[in-house]
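Okay, so here's the structure we're looking at.
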Amino acid sequence: MKPTIRTLRACVLGCLLAFGAAASATDIEVLHWWTSGGEAKAASQLKAILESKGYVWKDFAVAGGGGENAMTVLKTRVVSGDPPAAAQIKGPSIQEWGAEGVLASLDKVAQVEKWDSMLPKVVADVMKYDGRYVAVPVNVHRVNWMWVNPSVFKQAGVEVPRTWADFPKAAEKIRAAGFVPLAHGGQPWQDFTVFESIVLGVGGADFYRKSLVELNQDALRSKTMEQAFDILASLRADIDPDAPNRDWNQATAMVINGKAAMQLMGDWAKGEFTQAKSQYECYPAPGTDGAFTFNVDSLVMFEQSKADVTQGQLVLASAVLSPGFQKVFNLAKGSIPVRTDLKMDDFDACAQKSAADFKAAAQAGKLVPSIAHQMAVPAATAGAMQDVVTQFFNSPDASSADAVIRLAQAAKVR
Ligand code: BGC
């Protein structure tokens with residue numbers, strides 16, 4: 001049979017994978033921050049698929065929700081000329097690393113497997129530097145979720161608040177019934193996560209995009225942004241005094257254990273609920289029905305000197321997008337598959353809603369990148385803006401009018 005382009009292409013990948021599978025005991029070091037119960041279960045799926053291809057998973061886990069600690073450690077390793085094979089890096093940071101000239105191309109696999117047609121464009125664009133794939137996406141997390149313990153609401157005799165106008169009344173009743181209204185961990189990225197959902201709820205997707213993605217100075221200094229800070233300030237009364245420094249999964253545990261009623265957190269929190277086999281309900285964060293803040297986890301590959309490691313990177317990239325892996329990983333992680341051609345039958349109602357809302361929000365222009373999870377603006381800018389939000393939240397006397405000015409100034413940091 002005369003080889004066609006298609007058979008030749010299949011052979012390129014087939015031979016590649018076969019070669020990878022035969023490699024003996026090549027270490028593939030993977031940096032990540034997936035250390036909570038649900039996250040670790042998901043990471044173990046990644047390890048399993050890599051080992052099933054004949055490689056050795058070298059775990060480089062750096063604890064710390066949101067990944068700030070992991071990014072600090074990563075910089076040290078790259079600067080010292082010893083980068084891991086793969087690292088969990090997201091959003092515009094992929095471009096920043098690409099510009100350093102240290103990333104490996106995944107185009108060999110991406111072209112054969114037709115990633116361009118397999119992935120949503122909004123995701124594919126983020127994975128490329130200078131037109132080449134340098135990262136493989138793992139999942140899509142939705143950040144604008146509110147996690148609810150239904151039995152706490154029942155005991156408090158109150159409905160789940162769906163708007164910020166309804167929130168204070170509901171919180172009051174929950175407090176009166178002896179529960180903490182809002183489970184929260186006092187770490188800057190958690191404050192910023194809550195804040196971005198408030199901005200989306202108060203101003204809608206267009207305002208969110210203008211202010212937190214395009215960094216428009218007028219939008220940042222607007223009355224709408226002031227209102228978002230007012231709401232953030234009002235939440236100080238709804239959290240417990242032990243929130244400072246609490247990890248996000250400990251806050252989720254408060255909802256699981258029936259100590260708290262709600263948590264505003266991305267759907268990695270669902271990994272904790274399912275791991276604990278506890279009851280939960282999910283609602284879009286108040287006022288954000290129909291809008292979707294996306295957060296795509298991705299593995300970036302660093303150039304390596306050893307050919308077998310380079311081969312292993314391609315094998316890992318291919319495996320990550322395989323239907324089987326997409327299912328088991330995302331069931332554990334709480335996210336949805338990044339491939340839009342997979343059936344969602346085995347996923348829970350929250351994931352099914354997330355998948356439907358992702359498509360609908362994209363069509364309606366209400367799909368926006370999460371700023372708190374490094375999808376929207378350069379890391380230095382997001383960091384400066386996060387500092388403003390967290391300082392405001394932790395200073396009971398701070399004024400919203402001052403905060404918007406400081407936020408607008410921080411948005412100029414590069
Ligand atoms: C990551 C998630 C992770 C969460 C908490 C987010 O930025 O995208 O994968 O579970 O942080 O650590």
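Remember, it's 1-based here, ligands and their atoms both numbered in the order they're listed.
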(message) Would you say the ring centers of F167 and W164 fall short of 6.0 Å from each other?
(response) yes
(message) Give me each pair satisfying disulfide bond (SG atoms under 2.5 Å apart) with a member in residues 345-378, each pair once, sequence neighbours excluded.
(response) C282-C350
Can you produce the list of protein nitrogen or oxygen atoms under 3.5 Å from a nitrogen or oxygen of ligand 1, alongside each distance?
residue, atom, partner, partner atom, Å
ligand 1, 7 (O), K90, NZ, 2.8
ligand 1, 7 (O), H373, ND1, 2.7
ligand 1, 8 (O), K90, NZ, 2.8
ligand 1, 8 (O), N295, ND2, 2.9
ligand 1, 8 (O), D297, OD1, 2.6
ligand 1, 9 (O), W34, NE1, 2.9
ligand 1, 9 (O), D297, OD1, 3.2
ligand 1, 9 (O), D297, OD2, 2.7
ligand 1, 9 (O), K333, NZ, 2.8
ligand 1, 10 (O), E39, OE2, 2.4
ligand 1, 10 (O), K333, NZ, 2.7
ligand 1, 11 (O), W33, NE1, 3.4
ligand 1, 11 (O), G66, N, 3.4
ligand 1, 12 (O), W33, NE1, 3.3
ligand 1, 12 (O), E39, OE2, 3.0
ligand 1, 12 (O), G66, N, 3.1

(message) Testing V255, D348, D267 one by one against F273 for a side chain to side chain contact (heavy atoms under 4.5 Å, CB included), which residue passes?
(response) V255
What side-chain donor-acceptor pairs closer than 3.5 Å can you find for residues 223-233, not counting sequence neighbours?
residue, atom, partner, partner atom, Å
K223, NZ, E226, OE2, 3.4
D230, OD1, S400, OG, 2.5

(request) Using the six-membered ring wherever Trp is involved, compare the ring planes of F294 and F358 and label them parallel, tilted or perpendicular (cut-offs 30° and 60°). (result) perpendicular
(message) According to ring-ring contact (aromatic ring centres under 6.0 Å, His included), who are the partners of W34, at least two apart in sequence or on a separate chain?
(response) H32, F329
